[in-house]
Structure formats: C-alpha cells, structure tokens
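Below is one structure, written out as structure tokens; the observations come after it.
All values reported here derive from a predicted model rather than from experimental measurement.
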Amino acid sequence: MLYELTQLALRNLTRARARLIMTAGGVLVGTAAVILLIAITVGLQAIAEAGIGSSTSLLELYVYPRYNPNGETPRIDQEAIQAIRAIPGVNTMIYGVQAYGIVITVDKLINYPSVFGIDPALLPGLAEKMKWGTPVLDTKTIVIGGRVEDNFFDPKASDYIPITYDLQTVKPRFTFQVSAGTRRLNYTISGAVAIQDTFLDGTLILPLSEVIRLKRLNGEQVDMNKLSYDTVLVRAASRDVTNDVANAIRNLGFDASGGGDYLNQLTGFFGTMRLMLGGVGGVALIVAAFGVANTMTMAILERTREIGIMKAIGATDRAILTVFLIEAGAVGFFGGLAGVGTALALGQVINNAVANGVGDGTGAQFLPIDVSKIQGNLVIIDPALILFGMILATVVGIGAGVLPALRASQMIPVHALRTE
C-alpha cells in the first residue's frame, strides 16, 4: 500500500515541475547554508587544535587535595598514589615534595629555582625526552628543568634581565639558605629535561631523600610515615581518555586540572558557535518551509475535485494524508539532496582557494588564521553532517506539509466533488 501511495505522490510532483524546482530551491539554499556554516566551524576547530599540536601539557593533570570545610582534607599519600596509578588510561605519574632555598651562582649571576624531590624510580617517566645529558639522580647528581638555564640575573641590576648559561659546559655553584646561614651543596648536573610547559621547566629535580634532608636542615619536622606529596602530575595515555582520568581522580576525593581543561573550553566554544551559525542557516530553512507549505496548499486547492473522487471510491483519510506528506517530504528530500551537492561544491571551491593562497603565500593576507596546518581545509564536511543535512531537509518538508495534508484528508467528499 505504501509503495503505491509513494508512486502516486511522486507522479503528482511531476505535474508542476517548475513549481517543484522553485520550492525545492528554497530548501536547497537553507540546507547548503546550514551545512557550510557548520562545516566552517568544524574547520576552524581543527585549525585551533592543530595550532595546539601534540603538546604533552594537554595530557597532563595536576592532582591536589580537595578542601573539605566539614572534615579532614584528604592527603595525597602513598595509598592515594596507588589508587590513582590503577585508574585506566593513566600512562605515567610524577609525584614528589617541593622545597625552596637553593641558589645557583655563575659568574656573580644568580638563579632561584624551585626544588622538586622525586623517587629516582620515576625518572624514566619524567625524562622521556632530554634537552641534553643523561638522567641520573643520587645525593650528588641532579637533573634540571629545561628553563633553569634561562633564568640567571644580576642581583645588583636595577632591572630584571634574564641571562642564559649553558650549564652543560659551565659548572655552577649551589648553596642552600638555612636559618643558621648558607651551606654549600656539591651537586653535579647530569642533564636537562626538555621544556614541557609544566612546573618542572624551572625546577631542580633531586632525589626525594635529599629534599627531605634539606627540609630537616632548615628545621622542618618531616615524618616519613605520614609523608604527603605536594605535587602530583598525571599524564594520560591520549587526549581521548584525559577527561575520563580526571573524572576518576575526582571520584577518589581529589581535584584534577590541567591543559585538557583548555581543550574542553575550546570544544565548548566551537560547539556554541556551531549552534549559533547553524541557527542562522536554519532561518533560511524556515523560510523554505513556508514555501513548501504554500506549494502544498496550492496543490490541494488545484486537486480538490480529485481528492473528492479518491475519497468517493474508497480512499481513507489516512491514505490522503500519507500521499500529501510523502509529496512534502519528497520536496524536502530532493531540495536537501541538491543542497548537499551545492555545499560540497562550494566547500571544495573555498578549500581550493584557501589552499592556493597558502601555497603561494597570500593566504595570510585574506585570512586571520593559519590554515596551513590542516592543508588549507577550512570547510570540513564529514558524512555525519551530510546525513544530518538530508534528514533535516526532509523533516522540514514533512513538517511544512502537515497542515495542508491534514486539510486534504479532512475534506468532505460531497463538497470536494462540487468544486470546479
């Protein structure tokens, strides 16, 4: 039954081809606008994420105790470390105790780095990429962060001007400031960790036992049985699992934040932009819906006597309703199909223009963004967006035809047959 009604509806559409083409043209414009505007936001998001690159900071989460005003704030102790390590998606962890008071001196220039003590067993996870040297930690050998060499300054100068020293070739002097005075530290630098955009970049990395010794030298009471870690850095296996790891850490009673939060904000921003621009294109579809409704109303007025004859020979109200809804849906479908084709063609034209501009160096002159990192693809139309456009156009067509179709199905056969 449905097949026969569909055939009838499609034959009816071919009676007024010019009107069909013009009505479907409105749907074409609306569908193409929605697809292109959304596709541009997808391309802009891809450009923004490509600009971020594969920085490991996006995989890293800082874990810290969640303040509890009604009770004891949980400590990040060894038990908590084991629980975090067991979370699926955790790749590596770096945790330790922070300290201050070490001064590096080279040629009367000084540097006040922070100090971070870790278990030497964690060093392979920390030093995945060395700027220079070999990572070794013991009581006399330390590792430095990648920016420690860049932070020397003259304490007598009126303005702070950072000066860089190559500590691979220059032997610095280390001293530790305590309440009783200054103590000389005989450290040798084994290597520098490459800059990773984390707190470690400007830090001296020492064995945990050495940092505990320095704290005790400074009069601090440290109980190894109740040791809490000041800083815990968790690196997820990939961007895809970073949020899951962060949520699992929060479920343990701790807080977690990191570069992945920026990526979430970026995704939220472009999601909002997609809704806004998609809504702008949706206005054109709404206008097209009025065109479909007008076309269907005119078709019913022209075929009133025919509707009366159909009902007189046994056609049900449901059959009449179905025929006109199929006609309205077909107008939306064919308009959407043409709109998808138009969007694909225009998208290719835009991408070719952008790619050619990038290739000859003129791209930056008419675009305030760097599209070279995604090969000039400013407009990205994926299959899901094509399917969405087709479904949206068809639904708009059917929705616009509901009232005319209901009117046709509710006609009284006697009155319809009297219509000239």
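Closest non-hydrogen pair, Pro172 versus Val170, comes out as CD-O, 3.2 Å. Annotation for Ile76 and Pro65: closest pair CD1-CD, 3.7 Å, computed over non-hydrogen atoms. Annotation for Leu61 and Ile249: closest pair CD1-CD1, 4.3 Å, computed over non-hydrogen atoms. The heavy-atom pair separating Gly96 from Phe116 by the smallest distance is N-CZ, 3.3 Å. In terms of heavy-atom proximity, Pro207 sits nearest to Thr139 at CG-N, 4.3 Å. Contact record, Ala236 with Val245: CB-CG2, 4.4 Å, taken as the closest heavy-atom pair.
Looking at Ser228 and Asp77, their side chains never bring a donor and an acceptor atom within 3.5 Å of each other. Side chains of Thr141 and Asp138: a donor-acceptor N/O pair is present below 3.5 angstrom, by distance only. Side chains of Tyr187 and Glu210: a donor on one and an acceptor on the other come within 3.5 Å.
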Phe388 and Ile38: side chain to side chain contact (heavy atoms under 4.5 Å, CB included), yes or no, with the steps? CA-CA 11 Å; Phe388 170 75; Ile38 293 178; 4.2 Å; yes

Does the side chain to side chain contact (heavy atoms under 4.5 Å, CB included) test come out yes or no for Thr295 and Phe290, once each step is laid out? CA-CA 9 Å; Thr295 296; Phe290 284 106; over 6 Å; no

Ile104 vs Ile110, side chain to side chain contact (heavy atoms under 4.5 Å, CB included): CA-CA, chis, key distance, verdict: CA-CA 6 Å; Ile104 309 176; Ile110 62 174; over 6 Å; no

Might you work through the side chain to side chain contact (heavy atoms under 4.5 Å, CB included) test for Val232 and Tyr64, ending with a clear yes or no? CA-CA 7 Å; Val232 177; Tyr64 46 92; over 6 Å; no

Side chain to side chain donor-acceptor pair (under 3.5 Å) between Thr134 and Ser190, worked out: CA-CA 6 Å; Thr134 303; Ser190 65; over 6 Å; no

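The structure places CG of Asn351 at 8.0 Å from CD1 of Ile380, a figure rounded to the nearest 0.5 Å. The distance from the CG atom of Leu252 to the CD1 atom of Ile87 is 5.0 Å, given to the nearest 0.5 Å. Atom-to-atom distance recorded for Leu227:CG and Arg75:CZ is 8.5 Å, nearest 0.5 angstrom. Note that CD1 of Ile102 is 6.5 Å distant from CZ of Phe176, once rounded to the nearest 0.5 Å. Here CG of Leu321 is found 9.0 Å from OG1 of Thr316. Values are rounded to the nearest 0.5 Å. A distance of 14.0 Å separates OH in Tyr229 from CD in Gln98, rounded to the nearest 0.5 Å.
The environment of CD in Glu79 is sparse: at most 12 heavy-atom neighbours from other residues, nucleotides or ligands sit within 6.0 Å. Residue Arg216 qualifies as enclosed at atom CZ: its count of foreign heavy atoms under 6.0 Å is above 12. For Arg274, the CZ atom sits in a packed shell: over 12 heavy atoms of surrounding residues, nucleotides or ligands are nearer than 6.0 Å.
By the 4.5 Å heavy-atom criterion applied to side chains, Ser409 and Thr322 are not counted as neighbours. Side-chain atoms of Met310 and Ile320, non-hydrogen and from C-beta on, do get closer than 4.5 Å to each other. Taking 4.5 Å as the limit, some side-chain heavy atom of Met296 sits within range of a side-chain heavy atom of Glu327. In this structure the side chain of Val63 never reaches within 4.5 angstrom of the side chain of Leu233, judged on heavy atoms. Contact of the Val27 side chain with the Val396 side chain is not registered, since no non-hydrogen atoms from C-beta on lie closer than 4.5 Å. Put simply, the side chain of Ser114 reaches to within 4.5 Å of the side chain of Thr203, judged on heavy atoms. Two residues are said to be in side-chain contact when any heavy atoms from C-beta on lie closer than 4.5 Å; Thr31 and Leu285 meet this criterion. Under the 4.5 Å side-chain criterion, counting only non-hydrogen atoms from C-beta, Pro135 is not in contact with Val193.
A side-chain donor-acceptor contact under 3.5 Å links Asn247 to the backbone of Asn243. With hydrogens and angles disregarded, no donor-acceptor distance shorter than 3.5 Å links the side chain of Arg235 to the backbone of Val90. At distances below 3.5 Å, not a single donor-acceptor pair connects side-chain atoms of Asn111 with backbone N or O atoms of Glu149.
Among Ile118, Val136, Leu137, the one residue that satisfies the side chain to side chain contact (heavy atoms under 4.5 Å, CB included) test with Val143 is Leu137. No option in Tyr165, Tyr112, Tyr160 other than Tyr165 meets the ring pair (Phe, Tyr, Trp, His ring centres under 6.0 Å) test with Phe152.
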